[in-house]
Amino acid sequence: MIKLIGLVPLFPLIGFIINGFFGKKMGKGLSGTIASLSIAASFVVSLLIFMDLQKMPEKSVVVNLFSWINSDTLKIPFSFLVDPLSSIFLLIITGIGFLIHIYSIGYMHHDEGFARFFTYLNLFIFFMLLLVLGNNYLIMFVGWEGVGLCSYLLIGFWFKNTEYNNAAKKAFVMNRIGDLGFLLGIILIFFTYGTITYGDVFEKAHTGSDTIMTAIALLLFVGAMGKSAQIPLYTWLPDAMAGPTPVSALIHAATMVTAGIYMIVRSNIFYSSSEVASEVVAIVGALTALMAAVIGCAQTDIKKVLAYSTVSQLGLMFLALGVGAYSTAVFHVTTHAFFKALLFLGAGSVIHAMSNEQDMRKMGGLRKALPITWLTMGIATLAISGFPLLSGFFSKDEILAHVWEENKILWIVATLTSLLTAFYMFRMFILTFHTNFRGTAEQKHHLHESPKSMTIPLIVLAILSLAGGLLGLPEAFHGNNWISGYLSPIIAHRSPSTLSHETEYMLMGIATLVFICGAYTAYNVYQKSKVLPAASEKDMRPSERFIYHKFKVDEFYNAVITRPLNGISVAFHKFVESDLIDGLVNGVGTMVKWLSGVIRQLQTGNIGFYIFSMVLGVVAIIFWSVLK
Amino acid sequence: MLTGLLIVIPLIAALLTFFIKGKAARVAALGFSILEFAVSVFAWYQYKTEPLSKQLYLNCTWIESIGANFSVGLDGMSLLMVLLTTFLVPLIILSSFKNEYDKPNSFYGLILLMQMALIGVFTTNDGFLFYIFWELALIPIYFICLVWGGENRARITFKFFIYTLFGSLFMLVALVFLYQHTGMYTGIKSWAINDLYQAGRSLNASQQGYVFWAVFLAFAIKMPIFPFHTWQPDTYVNAPTQGTMLLSGIMLKMGTFGMIKWLLPVVPLGVANWGSWAMLLSVIGIIYASCIAIVQTDFKRLIAYSSIAHVGLIAAGILAWNQQGIQGALIQMVSHGINVVGLFLVADILFRHTGTREISKLGGIRNVNPWFAVLFLIILLGSVALPLTNGFVGEFLLITGVYGYGAWTAAFAGLTVILGAVYMLRSYQGIMLGESNSVTAGFGTLAPSDKAVLIIVCAAIIAFGVYPQPLTDLAEPAVKNILSSTK
Amino acid sequence: MKGLFIISGLGIFAMLAEIFKGLGLKKILYPVVLLGIIAAFVVNINYEWNNTMSISWFDNMIVFDNFALAFSGIILALAFFWFIFANDYFENTTNVTDHFALVLFALTGALMLTAYRNMTTLFLGIEIMSIPLYVLAASKKNDVSSNEAGFKYLILGSFATGFLLFGIALVYGATGSFDIMTIRTKISLMEGSMPMFFNVGVMMMLVAMCFKVAAAPFHFWTPDVYQGSPTVITAFMSTIVKTAAFAAFVRLFLVGFGNINERWEMVMAVIVALSLIISNITAASQGNVKRMLAYSSISHAAFMLMGILAVKPGMSIPSVLFYTLAYSIGSITAFSVLYNVSKKGGEGFDAFNGLSKRNPLVAICMTIAMLSLAGIPVTAGFFAKYFIFTTIMTTSFKWLLVLAVLTSAVGVYYYFKVIIAMYFKPAETTEKVEIELPVLLVIVITALLTLAIGFMPNYVIDML
Amino acid sequence: MTGILLQSAIISTPIEWYILLSAALFTIGACGVMFKRNAIIIFASVELMLNAVNLLLVAFSSYHSDASAQVFVFFIMAVAAAEVAVGLAILSMIYRNVKSIDIDVLSKLRH
């Protein structure tokens, strides 16, 4: 079965091709079915492979397809690697991908670009699978850039809207900044180890000097920063909410943005060998987590809140990676995929019901109209906020435990983030589903629960969010932490937890306390006191406005990078190019012409002058020859 | 013999085409160029089965007294370039089917003549013949631009002509200088490439430096490399689309190809002493041209600048002088040729359908013609080197090669990855996305010939991106050969 | 030598034809002249080439060795083309026979210049060639420009002759002989003990020869005379006369003063540099094609002088010979097109406007000629320049090469002005440019020759 | 007797003197061509230059005891005559057209 791994990405590719060429003619039903079926097929194959893998002793299989790029010693085959890490990601991608495909059939039903949507979605799954399946860094890079492209296409899905297009472009370009780092990292790996195939590289990893390993780790991390929206390359992700909501759920929450985590877990040997790199990853992660959480507290757009929440959670994952808790990060990726996808899909359901209204200030009291959505989203909110025994609780707690072990300051930051998370999640939940309805009458009239194709995925995901924690049940709970054991073959240096169970219980207690504080504050403010976020910017306090404007980071980038780049370009174009360089080139021509005008004046037409100049020449020559 | 045939067919075809009146000329030209392509594919087959086959080489005495021979041959590298040429010329001819050109027989005859000269440049193993073909290629394109070009064509094409000629004259002087140093042991002077290599390497460092700069100047102007590029955007914009395609798709490869075959192996000391300066110019050119491309308003001009950036990277890869760099350069030369032909055709289609190439005036064409948008997007992705498009294979190898030269150089050269995305996406958004306006609402459908060319180009982009093996098979051993000969 | 006899005989025949009007010889004069030239050419090639028996005439004053035969072959071939394209010049003038006679005598002088081996015959050759030309230049009697051209040519020419003679006298004084070979041996015998005035003599002869081939700063007459003279005569001057003058120059300096080259090469190098710069740069702003061609002829003269400068007879002579051939053929094409175009449109660049539409064939031929003059492959002009380059590359004057390259680029500018006019500028009239068949043939054949020599220079080189 | 005396006087005079004399004559002639504006006088000046050469040739002829230079002188004289004839013919033509023989009038062809 494992030899048929090629089928996994092949199905979505086929779906993509069919939908791409014939989607429009087939009609919506068929097109959506084909797209979903192709992912379902992938999921089934992935599941079978996953099960096969469990039976295998070595837990890693390489499947060679064909040789791709050859240049002397640089040999890059197009080959796939199935091992615990990729198999988990396979399941997440195809599983959640499938649910979201189903959901989209309902969500996108009225859109004229229905077939196009599924074309892109299938292509995305294809690239995402390449990303996690590749047996060397370049195949990962193929998927890496491929998902970037799909992200670009899907963010700008409604291409008539200029702002959406700008958001798409921004996402692509910011990702490319990271990609350059990634690419240079790959090249450095090649020059250091003479190969970029995972197995060979990791085997030889320690033959490289510390500096080089740090450099590799940091360069790869630059790539991860772009893709997984970390400081300073995170600003594209909130803007990416311009895309249809299922896209936000699939790409910008559950799968693509976790590619950075995948990459670092894959290359964990470089990070565990490099103190510096690990610290950088941890600090960047912690800062991102905190900053995004703060911003999330002041947003009014439901999707923006979720977006910042995603950034913040990704930050937590990087924090985990930074402290060497690689399998924990994957655990959190998994649970996060469940509840964040659910949150986005729920938000999509709300938006769907509200006739595309995304502003929470105009929602409220939707519980009655959307009971299933209310329930499932409630579960997700609890999960992400760290309600005890839900999936998020376990994964986040494991992260906090590892951080506690490594660095107390970072632990404080992480806990603070958890507090804020609970606050803004409940803020969102209350503003959306509770209190009174604040929309227009027309919207109220239209309110309806979403169709089955949308609610079923919500329910499935809700179950997963509830039970996801079982994957990594900690020892303190007499679990065996399956995920950590499963991933152990690919983790180079495992530092088994030295924490006593008492400390763990204490940390869990603190986490629960933090959850209660956050949730209660939100309840107090928004439910009890019925405080509403300021209706317009003018009403905000300066600090609030500053946070609302995301610390003005976009403006800052604009002033520091975009505008100077534009300025330089204009200067190059207007002055250097046309005046200086071309001016010089043309100047030569002009000078020749001018000289020509001058020299031709010598030709006076006067015989006397001709004779005179001849004589002058003769005299000069004779003098010269005599003197010589 | 086959190589000789490859040169003779376009020549005869050109002469015949001159005498065919009216629209039949373009059909005939297309037929001839496809025949030429078939022959080149056969040559490829021959090469695969027997790389040193006599069929691929032709050597007749030409000017005995100066030791110049009509010596042509196909090794992997030349074959790659020849295939590129023979592949693109039919596309270029086909792309012109919607343009009504005055005196079509001359137009197509000149294109075929140009093809002959280009194939000559790529196949010759004789320094003198190389120079002849090099110059010969200039004349048809000059007339194509002069007679069928845009508004300011007289001044602009003239600048182009005199600028490139100026460079090649220096190359001629350098070649003559090398020639005078051949035959140290035999006493017989010769233009054969190996003798020139030997002569060049026997020179002292300062002499090699002079030769390096003189020849580099010629190539740098042709490609063009910053700061010798100012003729290029104007010429590209003003030339008829087919002329631009020839210029950017094939002709600029003369410069990069020349660097690989006729410059770097000849004067290794010169390269060692001065190569870093040339590298500096190439890398500056990448960033500089990309920046300018960002603020272009005319789409054709934007492509022109992007071409400078791409070619800068190719030159940098060549100057890095390692396996990955040169191989990447060769592959990228092919990819760039294919992509840029597609891009210029897009520009031409835009102009034909809307009457303008101003990005700000266009927009929303995707609403009107989604297939065109898709094809354009694929070409664009090839151009920004997205993996699984042909552009990526070359660009990855190039950056790897440059990295072998210097990590920071590679980092700066790699900025093209980012800047390329910036200007390309900006133009795509401006042209294709958004609401359609009065200019673009009546865009209509594509002509079959245009559609055919775009589809072939897109197919090639994806095919070579997914499976670049055919290109690699040709390039890899050739590059190894040339590298081992200089070590 | 027999060729020389035939040509001078033709000249006398032309004069007689005027005298014996009754015989109607006038009518057959033109074909007779053409046949005569062919005969002379054939005699040259067939009977005298590589023939060591009868090369020396008049006590070594005239020697038809292969060098002379090659140059006179070129001259005769050019004369043949020239006569065909100049046909209507003869038809439209009074005293046809006189014109024939003058041209034929000038041709005689030119042939003498290729074959002299004595200062006397050098002087006589120059004068026999020049004096008829003075008259021909001024032959448009009512045209002041033509008068002025003839007069300027005469005054400046005789002034230069003065220098030539003074130089000859001084050289004679130092060596005691007019014979080139004797002078050569004397020089090598007495090297170091030559009186100072010998040097002065050589320099004066150099100046005079530079005047004849129109090199700066002795070139001033050229543009004015070329412009003022009737176009066909200008063509004669810039092709046949130039070739003959260079033949004389080469023999004098490579044979006569060849082993004292260090005394004159620096001066010549400076002259070459000046000529290159002045001619090319001045030509760039000319509005009159004929005048432009005059400047171009100066720059070509500079190139040929570079060939002489190398002083390696094995390389110099073929390269100069090839250059004269390539240049003259190109010029014949250019002048015949110019002559026919200027009949209606004048001599400015705009006369060529839209020629590609008004007569595409001629436009293509003119393009080839311009490309050849600009030295672009694959034309004869390229190889001409190439041979000069390789020749000069072996000397210490490599800097001249750089200058030559730079000025060549400028040169392209003005040649291409013609091409741009033909292919780019719209014509005022759509009227076809009608050209008589024989003239058209000359244009096409010379253009084809330019290409043929460009493709197969080996045939010409091997012949030399 | 006087002939012999003359002969010895010619021989006894150093050759440099002859050279200087002819050079002076030649220079005078050249200056005449350079500075005079009247065409006839210019012709006369050219004649003077040629005659300076004649003088020099004859002197060298005597010095080298070689008659060939004297033959050369005859050629020069003949050619000079021809040149002047042609010159005067052209001049008369010019006079007919512009009514002047001032060479400054003849500067229509320039630049």
Side-chain angles (χ1 to χ4, degrees), chain A residues 20 24 66-74 76 78 116 127 130 138-139 141-146 148-149 152-153 156 159-162 165-166 168-169 172-173 175-177 179-180 183-184 186-188 190-191 215 565-566 568-570 572-574 576-578 580-582 584-586 589, chain B residues 159 162-163 226-231 233 288 291-296 322-324 327-328 364 366-367 370 374 377 381 384 386-388 392-393 396-397 399-401 403-404 407 410-411 414-415 417-418 420-422 425-426 429 432-436 466-469 472-473 475-476 479-480:
Chain A
K24 224 166 188 179
F66 54 90
S67 81
W68 186 34
I69 296 178
N70 277 335
S71 178
D72 201 20
T73 53
L74 175 64
I76 303 168
F78 212 101
R116 191 159 55 87
F127 275 121
L130 280 192
L138 210 63
I139 305 292
F141 189 76
V142 171
W144 192 268
E145 288 245 295
L149 166 71
Y152 166 79
L153 292 171
F159 56 83
K160 289 180 192 170
N161 186 321
T162 308
N165 290 330
N166 286 338
K169 193 171 66 188
F172 195 83
V173 171
N175 269 303
R176 275 249 151 166
I177 297 174
D179 293 354
L180 177 58
L183 196 61
L184 291 174
I186 296 175
I187 294 171
L188 181 57
F190 166 67
F191 275 102
L565 180 66
N566 245 331
I568 288 171
S569 302
V570 170
F572 276 167
H573 180 49
K574 290 256 161 69
V576 181
E577 177 78 352
S578 52
L580 194 71
I581 300 176
D582 208 26
L584 265 176
V585 174
N586 290 336
Chain B
K159 182 170 159 187
I162 207 158
Y163 207 157
F226 175 89
F228 307 106
H229 65 279
T230 49
W231 62 268
Y288 175 83
C291 283
I292 292 184
I294 293 175
V295 292
Q296 289 309 309
N322 52 32
Q323 176 81 25
Q324 285 80 31
Q327 195 183 324
R366 190 172 181 168
N367 298 320
V374 169
L377 185 68
L381 294 175
V384 299
L386 199 89
L388 298 191
F392 176 70
V393 182
F396 171 67
L397 287 174
I399 296 179
T400 309
Y403 196 98
L415 286 179
V417 169
I418 300 164
V422 173
L425 292 184
R426 188 183 140 270
Q429 183 179 338
M432 290 290 166
L433 308 180
E435 295 280 358
S436 45
V466 176
Y467 194 68
Q469 215 60 52
T472 317
D473 282 349
E476 197 185 2
V479 173
K480 267 189 189 152

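Below, read A as the first sequence line, B as the second, and so on, with proteins coming before strands; counting in each chain starts at 1. Given the structure is predicted, the values throughout are model-derived calculations rather than measurements.
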A.B. asks: Roughly how far, to the nearest 0.5 Å, is the OH atom of B/Y288 from the OG atom of A/S569?
C.D. replies: 10.5 Å
A.B. asks: Check each atom of A/F191 against the heavy atoms of chain B and say whether the ones under 4.5 Å are side chain, backbone, both or neither.
C.D. replies: side chain
A.B. asks: Please state whether the side chain, the backbone, both or neither of B/F228 comes within less than 4.5 Å of a heavy atom of chain A.
C.D. replies: neither
A.B. asks: Looking at CD1 of A/I187 and OG1 of B/T400, how far apart are the two atoms once the value is rounded to the nearest 0.5 Å?
C.D. replies: 3.5 Å
A.B. asks: Which answer fits B/I162, side chain, backbone, both or neither, if we ask what part of it has an atom under 4.5 Å from a heavy atom of chain A?
C.D. replies: neither
A.B. asks: Look at B/G404, B/A407, B/G364 and state which one has the largest set of heavy-atom pairs under 4.5 Å with chain A.
C.D. replies: B/G404
A.B. asks: When you look at B/Q327 and A/L74, which way does the side chain to side chain contact (heavy atoms under 4.5 Å, CB included) test go after all the steps?
C.D. replies: CA-CA 11 Å; B/Q327 195 183 324; A/L74 175 64; over 6 Å; no
A.B. asks: Of the backbone (N, CA, C, O) and the side chain (C-beta and beyond), which part of B/E476 lies under 4.5 Å from a heavy atom of chain A, both, or neither?
C.D. replies: side chain
A.B. asks: Measure the spacing between CG of B/L377 and OH of A/Y152 and express it to the nearest 0.5 Å.
C.D. replies: 7.0 Å
A.B. asks: Counting only non-hydrogen atoms closer than 4.5 Å, does A/L565 touch chain B with its backbone (N, CA, C, O), its side chain (CB onward), both, or neither?
C.D. replies: side chain
A.B. asks: Let me know if B/V479 has heavy atoms under 4.5 Å from chain A in its side chain, its backbone, both or neither.
C.D. replies: neither
A.B. asks: In the structure I gave you, are the side-chain heavy atoms of B/I294 and A/F572 within less than 4.5 Å of one another anywhere?
C.D. replies: no
A.B. asks: Please step through ring-ring contact (aromatic ring centres under 6.0 Å, His included) for the pair A/F141 and B/F396, ending with a clear verdict.
C.D. replies: CA-CA 11 Å; A/F141 189 76; B/F396 171 67; 7.7 Å; no
A.B. asks: Given that the side chain runs from C-beta out, which part of B/T472 has a heavy atom under 4.5 Å from chain A: side chain, backbone, both or neither?
C.D. replies: side chain
A.B. asks: I'd like to know if the side chain of B/Q324 reaches the main chain of A/S71, judged simply by a donor and an acceptor atom lying under 3.5 Å from each other, with no hydrogens or angles considered.
C.D. replies: yes
A.B. asks: Which answer fits A/L188, side chain, backbone, both or neither, if we ask what part of it has an atom under 4.5 Å from a heavy atom of chain B?
C.D. replies: both
A.B. asks: For chain A, which of B/I418, B/V393, B/V422 has the most heavy-atom pairs under 4.5 Å?
C.D. replies: B/I418
A.B. asks: Side chain, backbone, both or neither: which part of A/V570 has a heavy atom under 4.5 Å from chain B?
C.D. replies: both
A.B. asks: Taking B/E435, B/R366, B/K159 one by one, which has the highest count of heavy-atom pairs under 4.5 Å against chain A?
C.D. replies: B/R366
A.B. asks: As an exercise: rank A/D582, A/V576, A/L184 by heavy-atom pairs under 4.5 Å with chain B and give me the winner.
C.D. replies: A/D582
A.B. asks: What I'd like to find out is whether the side chain of A/F78 reaches to under 4.5 Å of the side chain of B/V466, using heavy atoms alone.
C.D. replies: no
A.B. asks: The criterion is ring-ring contact (aromatic ring centres under 6.0 Å, His included); which residues satisfy it with A/F190, sequence neighbours excluded?
C.D. replies: none
A.B. asks: Select one option (side chain, backbone, both, neither) describing which atoms of A/S578 are under 4.5 Å from chain B's heavy atoms.
C.D. replies: neither
A.B. asks: Which one wins on heavy-atom pair count under 4.5 Å against chain B: A/I186, A/N161, A/L580, A/L138?
C.D. replies: A/L138
A.B. asks: What verdict does the side chain to side chain contact (heavy atoms under 4.5 Å, CB included) test give for A/I581 and B/H229, after you've listed the backbone C-alpha separation in whole Å, the side-chain angles of each residue and the deciding distance to 0.1 Å?
C.D. replies: CA-CA 9 Å; A/I581 300 176; B/H229 65 279; 4.1 Å; yes
A.B. asks: Which atoms of B/V384 come close to chain A, meaning under 4.5 Å heavy atom to heavy atom: side chain ones, backbone ones, both, or neither?
C.D. replies: both
A.B. asks: Is atom NZ of B/K480 surrounded by more than 12 heavy atoms (other residues, nucleotides or ligands) closer than 6.0 Å?
C.D. replies: yes
A.B. asks: Heavy-atom distance under 4.5 Å to chain A: side chain of B/L425, backbone, both or neither?
C.D. replies: both
A.B. asks: Side chain from CB out, backbone as N, CA, C, O: work out which of these in A/N586 comes under 4.5 Å of a heavy atom of chain B, or both, or neither.
C.D. replies: side chain
A.B. asks: Check each atom of A/L149 against the heavy atoms of chain B and say whether the ones under 4.5 Å are side chain, backbone, both or neither.
C.D. replies: side chain
A.B. asks: What residues form a side chain to side chain contact (heavy atoms under 4.5 Å, CB included) with A/T162, not counting sequence neighbours?
C.D. replies: A/N166, B/Q429
A.B. asks: Does any heavy atom of chain B fall under 4.5 Å from the side chain of A/L183, the backbone, both, or neither of them?
C.D. replies: side chain
A.B. asks: Side chain, backbone, both or neither: which part of A/L130 has a heavy atom under 4.5 Å from chain B?
C.D. replies: side chain
A.B. asks: So what's closer than 4.5 Å to chain A heavy atoms on B/D473: side chain, backbone, both or neither?
C.D. replies: neither
A.B. asks: With chain B as the partner, which of A/L153, A/I76, A/L180, A/D179 has the greatest number of non-hydrogen pairs under 4.5 Å?
C.D. replies: A/L180
A.B. asks: Picking from A/W144, A/F159, A/F66, A/F127, which has the most non-hydrogen pairs under 4.5 angstrom with chain B?
C.D. replies: A/F159
A.B. asks: Given the options A/H573, A/E145, A/E577, which has more heavy-atom pairs under 4.5 Å with chain B than any of the others?
C.D. replies: A/E577
A.B. asks: Taking all heavy atoms of B/Q469 and all of A/N70, pick out the closest pair and write down the distance.
C.D. replies: NE2-ND2, 3.3 Å
A.B. asks: Which bit of B/A411 comes within less than 4.5 Å of chain A, counting heavy atoms only: side chain, backbone, both or neither?
C.D. replies: both
